[in-house]
2 protein chains.
Amino acid sequence: MDLTERKLKILQAIIADFVRTAEPVGSRTISRNYELGISPATIRNEMSDLEEMGYLTHPHTSSGRVPSEKAYRLYVNELMGKKELSESEKMVIAQKLYQNVNELDNLIERAAHVLSEITNLTAFALSPGKELDKLRYINLIPVDERTVVLMIVSESGKVSNTAVQLDRPVEDETLRILAKNMTYNYSGKTLSEALKMDIIKNFREDAEAMAMFRNNVMPGFLRTLEDMLNVNLYMDGLTNIFSIPEYNDIEKAKSFFEVLGRKEDIRQKLIARDDGMIITIGGENQDADLSECSVVTATYHVDGKLVGKLGVIGPTRMKYDEVTSVVEYLTDNISKAFMITGGEDTDDGKDRGD
Amino acid sequence: MDLTERKLKILQAIIADFVRTAEPVGSRTISRNYELGISPATIRNEMSDLEEMGYLTHPHTSSGRVPSEKAYRLYVNELMGKKELSESEKMVIAQKLYQNVNELDNLIERAAHVLSEITNLTAFALSPGKELDKLRYINLIPVDERTVVLMIVSESGKVSNTAVQLDRPVEDETLRILAKNMTYNYSGKTLSEALKMDIIKNFREDAEAMAMFRNNVMPGFLRTLEDMLNVNLYMDGLTNIFSIPEYNDIEKAKSFFEVLGRKEDIRQKLIARDDGMIITIGGENQDADLSECSVVTATYHVDGKLVGKLGVIGPTRMKYDEVTSVVEYLTDNISKAFMITGGEDTDDGKDRGD
DNA sequence: GTTAGCACTCGCACATAAAGGGTGCTAACA
DNA sequence: TGTTAGCACCCTTTATGTGCGAGTGCTAAC
């Protein structure tokens, strides 16, 4: 059987109606509300064909049709026009996005918030992957007799530090040597490389510095590196599911929250997704718990480095055109923001430790 | 009418039963399951009295009795025995608490998690209030030509820093002077005092340092102070409400999530609560949205300073004795942990800026 | 003061009925 | 041959009625 022009139009109408109302849509509804110039009976015949072809399903013998996943896939791939956001919409989004933002991780969190607010779905965002970020500068700053602060600065500009308690007082000079040594050894290495390096053997020269390092600084150093590598997952708009008819069932709501409560899982799954605008519909998601959901994600990045993700999760019946536009607009904005703040100075200052 | 011994016993039995089952409890149930040696009819008479006195209510003309808020209040104040945790329970809690903990804020977060897990309620925790924390040490560390890191260490041991972009290269010497100046001016001040001080006038001596400060460092300094003052709110076990019969209604669940979603509100309200073990029952909570909930909070602290809170929110029908025991045990543990890690060295190192 | 007995009240679960929206088929039509 | 009107039929939803069970309140007896 052929997917004629008319069948496509009818399919599209059914999808549009179902997305809006969440109710199975009947032939009369289509004929009334969409000006296709054909009668309900004809539409019924076409619907019957579409069902046979796998694009529609019947919840029950009577009652209207519901688009299948195959239909959504077709819609997303072929039928869906790109929805351009109006200038005023863009303004609103941008304004919300940059409200109260002063750090980049903050911006990511904010993006998830805005996204959930605009789409009325559950949104999430991954902070930039740090696998590609490199160490730039390490310092040990004495605070008092037995406390030093270990400071690590990465090329992306992230600063991280840990207070380290020493087992005995240490000369400033020793700290200086150690810091210089560490900067020399590690700058230019990615965080994960640094994490794997056999650190000890790089400190043969100065026995005291080496002992200091091994006993006091190393644990904090490793922990801080791990911490810097961590990709944060932000979620927002979880409660939006309560306004989705599909989740008016308490059991469904519960399982939804349970799935999304396992943040570590979610993070792994998001990280594993391909880059670019990716839409997975219903069963296309490996996870059985998500087999009634669609997930839309897109990546933001700065010249191929530092890639993070942004997306939503919602019922398969979602406004794919609108969602993709908003997600795209947001990732564009984030990428831009990273360009401005993050990418500037890549000259290193490894010799300026004082 | 008098609250006779027998009436109290009956009331206690009703509360115990209702807390366990969430079902209105009838006279037969009491006579069957609690050995009071009196017949259902007698119990009915007593119940009738208790209702008149305001301790019980009738959901409907038939069907058993439900404890009123007044009853819970009486129970909490007078009837409830202190439930001692067994050693093995304590072990389990302590073990869960210290799993994966390496920072103090982390411990607070963990405590909320454990608390929700043990009580099957929604738990929250406030990180230590920082109003009493004082600045100890400030430094400016050159990273490269135009980047310095502003580092602030507080007496409680919290380290915070911001990367600051300079409008022009600055001598290390200038940074050193400025950092020394700042440390001299601010150390010993509480964070909020420092935030309010007229900063500029303290830098008359050195024109260059002053200009540097005004143009580059000040914004980051203020922002970082604000950041350090922030009291974090952690919540855990939100989905536990799905296992509470009272919230089997989707509308109730929704409004619960909506109330707890307004984190800023929650935070303010928790901060505003008195110190010590505080139990507010139903309507005693000002907030209308919480009029069907009870809130239990307790404070942890280190010699009167650095006070934070820990607690749960759940249906008025909760195991007050168990909840208070667990909360108390956890706050004790947190206080202890702060003592070990936080309270040690209070000697300042203001002159060790390098 | 306590208890047994009994009529009465609700709420709940279940069955039954009616309504409404939709289909599928057939036959007529252009 | 594609389109349409008509109609029987299907299934869900909603309303209605009924019986049951748990529980009360009252009265009278102990």
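Letters A, B, ... are given to chains in the order of the sequence lines, protein chains preceding strands, and every chain is numbered from 1.
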Send over the distance from [X] [atom1] to [N] [atom2], rounded to a whole Å.
| X | N | atom1 | atom2 | result |
| --- | --- | --- | --- | --- |
| B:E46 | C:dT2 | CD | P | 7 Å |
| A:K7 | D:dT3 | NZ | C1' | 13 Å |
| B:I43 | C:dG1 | CD1 | P | 17 Å |
| A:E23 | D:dT12 | CD | P | 14 Å |
| B:L36 | C:dT2 | CG | P | 12 Å |

message = Could you tell me if A:T280 and A:R273 have a donor-acceptor pair between their side chains, going purely by distance under 3.5 Å?
response =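 Yes, A:T280 and A:R273 have a side-chain donor paired with an acceptor closer than 3.5 Å.
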query = With no hydrogens and no angle check, do the side chains of B:S86 and B:E89 hold a donor and an acceptor under 3.5 Å apart?
reply = yes
key: Side-chain heavy atoms of A:F18 within contact of A:Y72, under 4.5 Å   =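 Sidechains of A:Y72 and A:F18: in contact.
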ring-ring contact (aromatic ring centres under 6.0 Å, His included) contacts touching residues 241-271 of chain B (sequence neighbours left out) = A:F242-B:F257, A:F257-B:F242, A:F257-B:F257, B:F242-B:F257, B:Y247-B:F256
ask   = In terms of heavy-atom contacts, does NZ of B:K7 have more than 12 from other residues, nucleotides or ligands at under 6.0 Å?
value = yes
ask   = Got a sec: does the CD of B:Q12 have more than 12 other heavy atoms crowding it under 6.0 Å?
value =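 Enclosed.
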inquiry  = Which heavy atom of A:A111 sits nearest to which heavy atom of A:L310, and what is that distance?
reply    =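 Looking at all heavy atoms of both residues, the shortest contact is CB-CD1, 4.0 Å.
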note = Given protein heavy atoms under 4.0 Å, the one-letter contact record of nucleotides 7-26 of chain C, with B base, S sugar-phosphate only and - none, is simply --BBS---------BSBBB-
key: Flag, side chain of A:K9 to backbone of A:L36, donor-acceptor distance under 3.5 Å   = no
query = Stems in DNA chain D: runs of 3 or more consecutive Watson-Crick or G-U pairs, distances under 3.5 Å?
reply =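 The stems are C:1-30 with D:1-30.
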